[in-house]
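Down below is the structure, laid out as structure tokens.
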Amino acid sequence: MQVKVIPAKELSREYVDLWSSIQSSNPALSSPFFCPEFTKAIASVNDHVYVAILSDSSGVIGFFPFTVTGHSVGRNLSMCDYQGVVISDSVEWEAKDLIDGCGLKAWDFDHLIASQAPLHKFHRFITQSPILDLSNGYDAYVIEKRAEGTEQIKKCGNLVRKLEREVGPLRFAAHVQDTTLLDQLLRWSDSKHGGTSSCQASQAHKALEKILATQTSHFQGVLSVLYAGNEFVAAHFGMRCRSVWHYWWPAYNPQFGAYSPGIAL
């Protein structure tokens, strides 16, 4: 395997298309964090994001995004909840060859997908990621959860009715491309987590704006909002890759915290 490293900002259209094709062929890489568009968004606000292009005699076989800190240590991309190498499961490769080929002394990760065998010996522990399987529709999901004995959906319904009764009828928008609403979401989030400075000037905010502006057939930033009457009560920013949507950045209006509007959303 040959390894060629380029700044992520220099990814060509050809490489992006190859990356997307490899990703779509491997179900383990269905998360939007493995999309080239996510890497490009992070690279747009960070000059230290690189991509290793992996190839053999047949051509390009994979991609590996990473950031570089001092002393030639690589790290995963910022805000990245799923990490790994974008490569087919049928390709054989060695972790040491990859890291050496990138010119790195080490690579530090924290949310590595568990399926990539060459990295198994570097796992510290393995845990599960919760998912909602909605392939049969939401109604079927509700029936299944109630049969399992959960009360969460019932409790959520009670909260929704209370919010409508005391504040106003609910209006949900699955996706809006409005940066002012994204700004408000981030201010709520910043306040909740004890931040003292605005998120608006941060790299994270700029990257999220870039993702929100990216709307393709296979990758989208998705900003969902909830109103009760005329009140903007909750919002969520996530990403979609084909049929997989990643729950990512939720926040609610603290003025209506007693109604749990985030859960209602």
Side-chain angles (χ1 to χ4, degrees), residues 30-33 38 79-82 111 127-195 198-200 202 204-205 207-209 211-215 219-265:
S30 60
S31 167
F33 289 104
F38 174 75
M79 302 190 296
C80 186
D81 290 350
Y82 286 93
H111 289 83
T127 189
Q128 293 182 331
S129 293
I131 65 168
L132 278 74
D133 181 0
L134 300 176
S135 55
N136 293 322
Y138 180 70
D139 291 341
Y141 171 80
V142 170
I143 292 171
E144 178 185 353
K145 293 294 109 179
R146 284 177 174 166
E148 293 175 359
T150 181
E151 293 290 321
Q152 186 62 41
I153 295 174
K154 179 181 177 180
K155 291 178 180 178
C156 181
N158 293 338
L159 288 169
V160 166
R161 288 186 287 275
K162 179 179 174 65
L163 183 59
E164 286 193 299
R165 187 171 60 250
E166 299 183 3
V167 181
L170 298 189
R171 177 166 56 90
F172 171 71
H175 173 56
V176 292
Q177 277 186 268
D178 188 333
T179 57
T180 61
L181 296 181
L182 179 62
D183 291 348
Q184 182 60 73
L185 182 159
L186 293 174
R187 285 195 292 271
W188 286 338
S189 178
D190 190 52
S191 175
K192 179 181 177 181
H193 293 96
S198 171
C199 290
Q200 293 185 9
S202 71
H205 188 182
L208 294 180
E209 284 189 338
I211 292 170
L212 179 61
T214 305
Q215 303 289 313
F219 179 89
Q220 284 184 316
V222 182
L223 177 60
S224 304
V225 299
L226 182 70
Y227 295 90
N230 295 322
E231 301 289 348
F232 177 29
V233 296
H236 172 268
F237 184 70
M239 297 185 292
R240 180 187 66 82
C241 175
R242 299 176 179 88
S243 63
V244 174
W245 170 75
H246 185 82
Y247 185 85
W248 198 23
W249 211 290
Y252 63 87
N253 187 336
Q255 181 181 346
F256 301 97
Y259 299 96
S260 299
I263 293 177
L265 181 143

Does G221 offer a backbone N or O that forms a donor-acceptor pair with the side chain of Q215 under 3.5 Å?
yes
Aromatic ring pairing Y82/F33, orientation class (parallel under 30°, perpendicular over 60°, tilted between):
tilted
Taking all atoms of both residues into account, what is the closest heavy-atom pair of S31 and C241, and its distance?
C-CB, 4.2 Å
Inter-residue atom distance I153.CD1 - K155.NZ, 0.5 Å rounding
12.0 Å
Non-hydrogen side-chain atoms of I263 and Y252 separated by less than 4.5 Å
no
Atom CZ of F256 and atom CD of E231: how far apart are they, to the nearest 0.5 Å?
3.5 Å
Can you name the nearest heavy-atom pair linking A251 to L185, along with the distance?
CB-O, 3.5 Å
Within this structure, what is the CZ-CG distance for the pair R187 and L182, rounded to the nearest 0.5 Å?
10.0 Å
If we only count heavy atoms from C-beta on, is the Y259 to V233 side-chain gap below 4.5 Å?
no
Looking at E164 and R161, is any side-chain nitrogen of the basic one under 4.0 Å from a carboxylate oxygen of the acidic one?
no
Min side-chain heavy-atom separation I211-F219 under 4.5 Å:
yes
Which heavy atom of P261 sits nearest to which heavy atom of A234, and what is that distance?
O-CB, 3.6 Å
Distance-minimising heavy-atom pair for A264 and C156
CA-SG, 4.3 Å
List the steps, then state whether side-chain contact (heavy atoms from CB on, under 4.5 Å) holds for W249 with L186.
CA-CA 9 Å; W249 211 290; L186 293 174; 3.1 Å; yes
Would you call W188 and N253 a side-chain contact if the rule is heavy atoms closer than 4.5 Å?
yes
Answer yes or no: is there a side-chain heavy-atom contact under 4.5 Å between R240 and H175?
no
Nearest heavy atoms of H236 and W248, plus distance in Å
NE2-N, 2.7 Å
Are any of the side-chain heavy atoms of D183 and H205 separated by less than 4.5 Å?
yes
Over 60° means perpendicular and under 30° means parallel, so classify the ring planes of Y247 and W245, tilted if in between.
perpendicular
Using 0.5 Å steps for rounding, measure from the CG atom of L170 to the CG atom of L265.
9.5 Å
For the CG atom of L208 and the CE atom of M239, what is their distance to the nearest 0.5 Å?
9.0 Å
Output the distance between atom CG (D133) and atom OH (Y141), rounded to the nearest 0.5 Å.
9.5 Å
Contact summary for S224 and F172, nearest pair of heavy atoms:
CB-CE1, 3.9 Å
Is there a side-chain contact between Q177 and L223, using heavy atoms and a 4.5 Å cut-off?
no
